[in-house]
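All remarks here apply to the structure that follows.
Residue numbers begin at 1 in each chain, while the letters A, B, ... track the order of the sequences.
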2 protein chains.
Amino acid sequence: MHEAVNLADVARLAKVSPATASRALSDHPHVAAATRARVWEAARALEYVASPDASGLARGTTGRIAVVVPHLARWWFGAALEGLSAVLREAGRDLLLYRLGDAEARRAFFAELPARRRADAVVLLGFGVDDAERARLERIGVGIVSAGTRIGRHPSVSIDEHVAGRQAVDHLLHLGHRRIGMIVTTDPELDPGQPEGRAAAYRAALADAGVAHDPALTVTVPWSPEGGARAMGQLLGLSDPPTAVYAHTDEVALGAVGTLRRAGLKVPGDVSVIGIDDHPLAALTDLSTVAQPAAEQGAAAGRMALAALAGEPVDPVVTLPTRLVIRGSTAPPARAERGVS
Amino acid sequence: MHEAVNLADVARLAKVSPATASRALSDHPHVAAATRARVWEAARALEYVASPDASGLARGTTGRIAVVVPHLARWWFGAALEGLSAVLREAGRDLLLYRLGDAEARRAFFAELPARRRADAVVLLGFGVDDAERARLERIGVGIVSAGTRIGRHPSVSIDEHVAGRQAVDHLLHLGHRRIGMIVTTDPELDPGQPEGRAAAYRAALADAGVAHDPALTVTVPWSPEGGARAMGQLLGLSDPPTAVYAHTDEVALGAVGTLRRAGLKVPGDVSVIGIDDHPLAALTDLSTVAQPAAEQGAAAGRMALAALAGEPVDPVVTLPTRLVIRGSTAPPARAERGVS
DNA sequence: CTGAAAGCGCTAACAT
DNA sequence: ATGTTAGCGCTTTCAG
């Protein structure tokens with residue numbers, strides 16, 4: 001626990017002024033090579049680590065990026081955060097994590113703007129904000145970027161929800177399914193636009209295939225694997241149950257598969273199931289899905305934030321591709337009921 | 001993006017000196033109630049948020065806690081981080097997140113001590129460090145606490161790995177299983193003590209039950225659900241395969257279940273499977289397991305760090321309880337092969 | 001109870 | 001190329 005060593009100590013040991021030491025350590029031009037070497041050597045010897053607070057104060061920046069997330073224990077968020085943290089680490093920026101747990105934490109965050117003066121930029125991961133919240137956020141006075149959702153006109157990365165939904169539903173249609181159920185999951189904390197896009201894709205795909213839309217086949221439940229299980233139960237209770245089910249996320253799809261198994265039904269023999277995400281357990285449980293690059297979205301958001309800080313131009317909207325991954329949970333319906341396309 | 005407002009602005013508006021404004025805002029004694037109210041009102045009007053860097057510089061603290069994790073996309077880490085972040089938020093501390101991805105990132109972290117001067121305490125989540133790393137860490141000069149592993153003599157929270165392992169294996173033994181396989185998962189990034197404890201429990205449980213230890217029944221694979229799948233394949237290839245399998249984590253257990261299903265075997269009819277964790281998907285897939293409180297471990301670590309900062313006494317070792325959760329993946333062996341206990 | 005002044009550790013003109 | 005001088009925004013003695 002030896003006492004903190006300052007720039008002054010380094011300067012003294014290197015026999016230069018603090019100013020020169022500072023210049024040498026921050027690789028400024030106009031520093032004699034020999035001097036620079038002497039200073040670095042002194043710094044190394046003393047295990048000197050500059051105080052970012054002090055240099056930030058003097059320079060007017062913090063060296064930190066604030067990252068705001070609504071969840072941490074869900075796959076997408078963890079993966080996105082991994083991508084983001086790797087990019088920030090590479091750039092030598094610190095990551096300040098703000099988790100908006102319940103409604104109260106969320107209200108407090110936007111009311112108290114804790115990120116103010118603490119970060120050079122704010123990255124929002126996977127959740128939308130209302131106009132009032134956006135206004136508050138903008139008062140923090142730093143750049144804003146987001147991944148997985150759009151925040152006003154600020155730069156953002158995400159997938160095309162509509163395309164992802166079409167990839168999933170079109171796959172089921174191609175297999176010959178005509179009676180396709182959809183499990184919509186809502187999460188008050190999340191981006192309201194996400195379920196919308198994925199649900200609209202379902203309706204559009206059915207319409208394009210000439211399949212009549214049956215509202216009974218759409219079940220909405222709050223986000224959670226248990227929700228998926230319950231929703232599947234409801235679909236099975238229908239007088240004419242679906243031969244295939246499209247869930248908005250893999251975790252929910254896995255819940256549905258669980259219910260089917262317990263009901264003694266075969267997947268995909270009796271019912272096909274597809275999700276969206278390509279959660280690590282999807283590969284394991286042989287779940288067909290639409291893969292989305294979560295870590296890449298986080299990384300791209302990080303790069304955009306860094307670019308904005310560097311004054312470089314930033315794409316306002318980056319869309320990353322999704323990919324249909326066909327595994328063993330989807331197959332043609334047992335008795336092919338080909339529609340009159 | 002209105003210009004940053006400083007303490008000086010607040011002081012001016014409240015017609016007091018910056019010193020008094022500072023005292024009033026930090027709820028010091030010896031400030032007239034009227035003055036205090038005037039200052040707070042001014043601060044509110046200007047949406048003043050103090051610069052933690054400046055006040056930290058002056059006061060000698062940072063208001064931040066550094067949290068170091070080896071992974072983010074795995075359940076335990078996300079959950080622990082959630083518990084930790086909630087506690088820190090409550091206490092008004094900021095959370096600085098350091099993720100040690102690959103070996104290079106890890107080396108850099110310990111070599112460059114980026115947490116130095118940036119945080120008032122360091123919390124290590126779920127991984128052990130070697131002596132050299134610990135020495136470096138201690139040079140950061142702030143308190144250290146850990147969850148999920150022990151770091152020298154620093155305070156830590158965790159479960160009793162040995163007890164957790166016994167709960168799982170004893171359950172299988174109680175059901176009448178005598179030929180029990182174990183899937184050990186190693187992760188170079190993680191605490192080497194963890195697999196040790198869980199594996200030792202297996203051997204001890206078998207010994208106590210008078211079951212001879214067959215080395216062929218222990219398979220070691222690197223951490224990953226796929227690892228679990230492969231390991232199960234190997235166990236199935238044995239001339240006398242196990243009737244039950246104990247996996248060190250649920251994610252791995254689920255991989256094993258996948259392999260069994262693909263092989264056309266029934267769980268638990270043909271083979272019982274149990275894991276450790278109580279991962280959210282365990283409930284869903286009806287996996288028996290030993291539940292461990294991940295979020296609580298993170299929260300406890302946070303509280304310990306805060307207590308240490310406050311100069312309060314801190315328990316050096318906190319052990320949280322685990323709990324056997326019996327679900328549908330475990331049952332008595334088909335042909336009960338009672339041992340000669 | 002309040003103000004003036006010094007300083008936290010560093011950087012950025014401004015000199016030389 | 002290097003040293004000197006001001007602060008960055010806040011807290012904190014030390015005086016009143």
Side-chain angles (χ1 to χ4, degrees), chain A residues 3-40 42-43 46-64 92 94 113 116-120 141-142, chain B residues 2-40 42-43 46-64 92 94 113-114 116-120 141-142:
Chain A
E3 270 319 296
V5 5
N6 309 329
L7 183 57
D9 302 317
V10 175
R12 203 171 306 123
L13 182 60
K15 299 191 190 309
V16 294
S17 72
T20 300
S22 169
R23 282 189 282 249
L25 292 175
S26 19
D27 279 324
H28 268 256
H30 303 298
V31 180
T35 312
R36 181 184 319 253
R38 206 144 28 85
V39 172
W40 274 99
L46 298 174
E47 290 196 298
Y48 171 71
V49 175
S51 158
D53 290 20
S55 68
L57 234 204
R59 182 165 18 202
T61 61
T62 69
R64 273 166 250 136
D94 278 333
L113 300 184
R116 188 118 170 223
R117 286 179 178 278
R118 291 172 207 223
D120 301 331
V142 300
Chain B
H2 64 172
E3 271 318 298
V5 0
N6 309 330
L7 183 57
D9 301 318
V10 176
R12 205 171 305 125
L13 182 60
K15 300 193 190 307
V16 295
S17 72
T20 301
S22 170
R23 283 189 279 249
L25 292 176
S26 20
D27 281 323
H28 267 254
H30 303 299
V31 179
T35 311
R36 179 186 319 252
R38 209 145 26 85
V39 173
W40 273 99
L46 297 175
E47 290 195 298
Y48 172 72
V49 176
S51 158
D53 290 19
S55 67
L57 232 205
R59 182 164 19 202
T61 62
T62 69
R64 275 167 248 134
D94 278 333
L113 301 183
R116 187 117 169 224
R117 284 177 179 280
R118 292 171 208 224
D120 300 331
V142 300

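The distance between atom CG of A:L57 and atom C1' of D:dG9, rounded to the nearest whole Å, is 6 Å. Summarising the geometry, the separation between CG on B:D9 and P on D:dC8 is reported as 12 Å, rounded to the nearest angstrom. Following rounding to the nearest Å, B:D27 (CG) and D:dT12 (P) show an atom-to-atom distance of 13 Å. B:R12 has its CZ atom 14 Å from the P atom of C:dG3, to the nearest Å. Following rounding to the nearest Å, B:L25 (CG) and D:dT12 (C1') show an atom-to-atom distance of 15 Å.
At D:dG3, one or more side-chain N or O atoms of A:S17 fall inside 4.0 Å of OP1 or OP2 (strictly under the cut-off). A sub-4.0 Å separation between OP1 or OP2 of D:dC10 and a side-chain N or O of B:Y48 is present. OP1 or OP2 of D:dT12 sits under 4.0 Å from a side-chain N or O of B:H28. Between A:T35 and D:dT2, a side-chain N or O to OP1/OP2 separation shorter than 4.0 Å is present. Distances shown here put a side-chain N or O of A:T20 below 4.0 Å from the OP1 or OP2 atom of D:dG3.
One finds the OG atom of B:S51 at 8.0 Å from the CG atom of A:D53 (value rounded to the nearest 0.5 Å).
Considering only side-chain atoms of B:A58, the nucleotide from C:dT11, D:dG3, D:dG9 that sits closest is D:dG9. Across C:dT11, C:dC10, C:dG3, the shortest atom-to-atom separation from the side chain of B:R117 is found for C:dC10. Nearest nucleotide to the B:S51 side chain, out of D:dT12, D:dG9, C:dG9: D:dG9. Closest to the A:R59 side chain, of the nucleotides C:dT11, C:dG9, D:dT11, is C:dT11.
DNA chain D is contacted by both A:A32 and A:G56; A:A32 maps to the nucleotide lying nearer its 5′ end (nearest heavy atom per residue). Two residues, B:D53 and B:R23, neighbour DNA chain D, and the one matched to the more 5' nucleotide by heavy-atom proximity is B:D53. Of the two residues contacting DNA chain C, namely A:A21 and B:R38, the nearest-nucleotide position lying further toward the 5' end is that of B:R38.
A donor-acceptor pair is defined here as one N or O able to donate and one able to accept, closer than 3.5 Å; such a pair exists between the side chain of A:R117 and the backbone of B:V49.
Considering every non-hydrogen atom in both B:A21 and B:A11, the closest pair reads CB-CB, 3.9 Å.
Classification of A:R36 and A:D27 as a salt-bridged pair holds, one side-chain N sitting under 4.0 Å from a carboxylate O. Using a 4.0 Å cut-off between charged nitrogen and carboxylate oxygen, B:D120 and B:R64 do not count as a salt-bridge pair.
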